Visitor: 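Would you mind keeping the following structure in view while I ask a few things?
Chain A is the first sequence line, chain B the second, and so forth, proteins listed ahead of strands; every chain is numbered from 1. On a predicted model such as this, the values are computed, not experimentally measured, just so you know.
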Amino acid sequence: MLKDITIGQYFPGESVIHRLDPRFKIIITLLFIMMLFTGDSVWCLIIGAVFTVMSILLSKIPVKMFAKSIKPLLPFLLITALLNLFFVSTGEVYWQWKFLKLTSDGVNISVFMIIRIVLLLAGSSLLTYTTSPITLTDAIERLLSPLKKLKFPVHELSMMMSIALRFIPTLVEETDKIMSAQKARGAELDSGKMTTRVRNLVSILIPLFISAFRRADELATAMECRCYNGGSGRTRLRQMNCSARDYIALGITVLFFAAVIAADKLIPNIF
Amino acid sequence: MAILRTEELTYVYSEGTPFEKTAVDHVNLEIQEGEMVGVMGHTGSGKSTLIQHFNGLLKPTSGKIYLDGRDIWEDKDKIRDVRFKVGLVFQYPEYQIFEETVYKDIAFGPKNMGLDEAEIKRRVLETANDIGISEEMLERSPFELSGGQKRRVAIAGVMAMEPRVLILDEPTAGLDPAGRDKILGLIKKYHERTKNTILIVSHSMEDIARFADKILVMNKARLFCYDTAVNVFSRAEEIEQIGLDVPQITRVFGDLRRSGLDFGKEVYTVGYAKELLLKKLREKEVR
């Protein structure tokens with residue numbers, strides 16, 4: 001059950017996408033998100049989709065993994081799409097029953113929204129699938145470093161983020177273990193009455209909190225033992241170097257973005 | 001009849017992802033009622049995965065597990081009953097403790113079984129007595145206890161369900177020698193009193209040699225062997241080859257054999273070794 005969580009998971013690999021400089025990957029992902037929400041002609045979406053599919057293929061990560069990351073959000077997507085479908089009242093009316101209306105705008109908006117969000121999820125999962133959490137937070141720290149001048153605690157923030165990210169899998173594993181242990185004592189967690197299930201949650205949360213505090217304590221001691229005293233004067237094990245490849249990738253993204261803007265302005269919307 | 005039997009049991013982790021790993025590979029096994037079984041194997045050899053199949057926490061990717069001759073996955077809704085019949089104590093079980101008092105924590109399992117108060121009380125008191133927890137301790141918070149005491153409370157929590165098979169995954173890990181001997185002694189006594197089947201996973205060959213009638217060895221997801229302690233330790237060389245230890249005394253006698261003093265291959269307890277040596281010395285005196 002818990003093993004199915006794929007958001008934020010990293011799949012080690014050697015593909016072009018894996019080897020891109022993480023700072024560029026973050027910028028590219030941000031551009032990609034902006035690109036998806038620019039323009040409302042169908043061509044803009046097609047260009048966005050092409051960009052997503054191309055990147056996924058280049059990353060050599062099984063398409064199944066992307067389906068998995070979208071699956072848990074599917075119900076929300078469908079509900080919002082349905083709401084849009086029946087409650088948007090502008091445009092040509094196809095069908096009407098009391099306050100429910102099916103209009104051309106409604107259909108457009110809901111279809112666009114589903115496609116956009118699916119692309120958004122797939123594209124942003126690509127970032128975490130191909131970048132290890134530690135590199136990712138390092139890159140964020142580097143990108144935010146200009147804020148240091150404003151006395152913003154960039155290093156502390158990124159340290160907190162990397163610790164949090166680092167401990168997600170550990171805590172998931174821990175939860176899994178505690179759940180198994182309580183199930184072995186007959187606790188009903190995924191069957192039985194709702195009230196007993198909620199009560200049994202306590203048997204998981206208490207050990208989990210205790211162990212999280214214990215781990216935090218141990219980690220703090222371990223960091224102090226190694227003379228950790230914040231970001232100033234720290235050097236890095238992995239230096240980030242951007243190469244021609246990164247500029248090419250960024251160039252391609254910018255081109256796609258330009259294409260989206262051009263498509264929005266020049267090609268008349270067929271719907 | 002065998003109380004536990006597996007048939008081509010196979011389990012694959014994260015099937016269909018880059019992390020796919022076969023943890024248990026076509027294991028066929030029969031454990032007889034009342035046996036005390038030692039389970040050994042390297043970290044990652046699949047022993048922990050294997051034992052989690054016995055009480056239905058993991059569902060085999062393929063193959064079957066029979067408890068008392070019945071396929072445990074025949075009726076999915078009855079899997080909880082299997083968990084009451086096959087009690088599993090995890091590694092570092094003290095981390096599962098959550099109740100305010102020791103009594104309540106031990107009573108968690110029996111309560112989940114739907115027993116009445118009187119029966120729950122009987123079981124808690126009996127197992128507390130079995131595992132050396134005084135009545136005064138029962139009303140204290142489990143978080144005030146020492147590591148060894150907490151461990152015993154957690155084990156009692158599973159024992160109180162009175163399972164017919166009790167499985168303990170490294171019950172002595174991280175304890176000092178005194179705590180270790182205490183827990184092993186109590187488990188041994190529990191076995192003598194209840195005659196229940198017990199499986200103990202352990203890395204300590206000395207412990208296994210001292211307590212187990214039979215030994216199950218896992219190696220690289222496969223069943224390496226399952227036999228009586230005598231037969232297993234007489235294969236000392238093979239066992240050392242797959243990177244596991246044999247009891248120190250077996251190693252000493254192996255060295256003796258290689259230097260020309262052969263006592264046979266089945267020496268694995270100090271007591272038996274002493275007898276052999278004394279016999280040999282007496283023979284010498286007679287001559």
Visitor: Quick check: closest heavy atoms across B:Q96 and A:A181, and the distance to 0.1 Å?
Guide: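 Minimum heavy-atom contact is OE1-CB, 3.3 Å.
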Visitor: Between atom CD1 of B:I79 and atom NZ of A:K183, what is the distance when rounded to the nearest 0.5 Å?
Guide: 10.5 Å
Visitor: Any idea which of B:M113, B:M161, B:Q52 has the most non-hydrogen atom pairs under 4.5 angstrom with chain A?
Guide: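 Of the options given, most contacts go to B:M161.
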Visitor: Can you sort out the partners of B:H203 under side-chain hydrogen bond (donor to acceptor under 3.5 Å, both in side chains), two or more places apart, ordered by chain and number?
Guide: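 B:H203: side-chain hydrogen bond (donor to acceptor under 3.5 Å, both in side chains) contacts with B:E170.
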Visitor: What part of B:I97 gets closer than 4.5 Å to chain A, counting heavy atoms only: side chain, backbone, both or neither?
Guide: backbone
Visitor: Between B:F98 and A:L205, is there a side-chain heavy-atom distance shorter than 4.5 Å?
Guide: no
Visitor: Rounded to the nearest 0.5 Å, what separates atom CG in B:N112 from atom CD in A:Q182?
Guide: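 Separation between the atoms: 9.0 Å.
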Visitor: Only pairs under 3.5 Å count here: list side-chain donor-acceptor contacts from residues 64-72 of chain B, not counting sequence neighbours, and write none if there are none.
Guide:
from	atom 1	to	atom 2	distance (Å)
B:D68	OD2	B:R164	NH1	2.4
B:D68	OD2	B:R164	NH2	3.4
B:D71	OD1	B:W73	N	3.1

Visitor: Short question: side chain of B:R83, backbone of A:G186 - any donor-acceptor pair under 3.5 Å?
Guide: no
Visitor: Tell me, for A:S211 versus chain B, whether the close heavy atoms (under 4.5 Å) come from the side chain, the backbone, both or neither.
Guide: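 For A:S211, neither part sits under 4.5 Å from chain B.
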Visitor: For B:Y95, which atoms come within 4.5 Å of any heavy atom of chain A: side chain, backbone, both, or neither?
Guide: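 Both the backbone and the side chain of B:Y95 come within 4.5 Å of chain A.
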Visitor: Please state whether the side chain, the backbone, both or neither of B:D105 comes within less than 4.5 Å of a heavy atom of chain A.
Guide: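 Both backbone and side chain of B:D105 come within 4.5 Å of chain A.
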Visitor: Could you pull out the closest heavy-atom pair between B:L57 and A:S180, with the gap in Å?
Guide: CD1-O, 3.7 Å
Visitor: Side chain, backbone, both or neither: which part of B:Y92 has a heavy atom under 4.5 Å from chain A?
Guide: neither
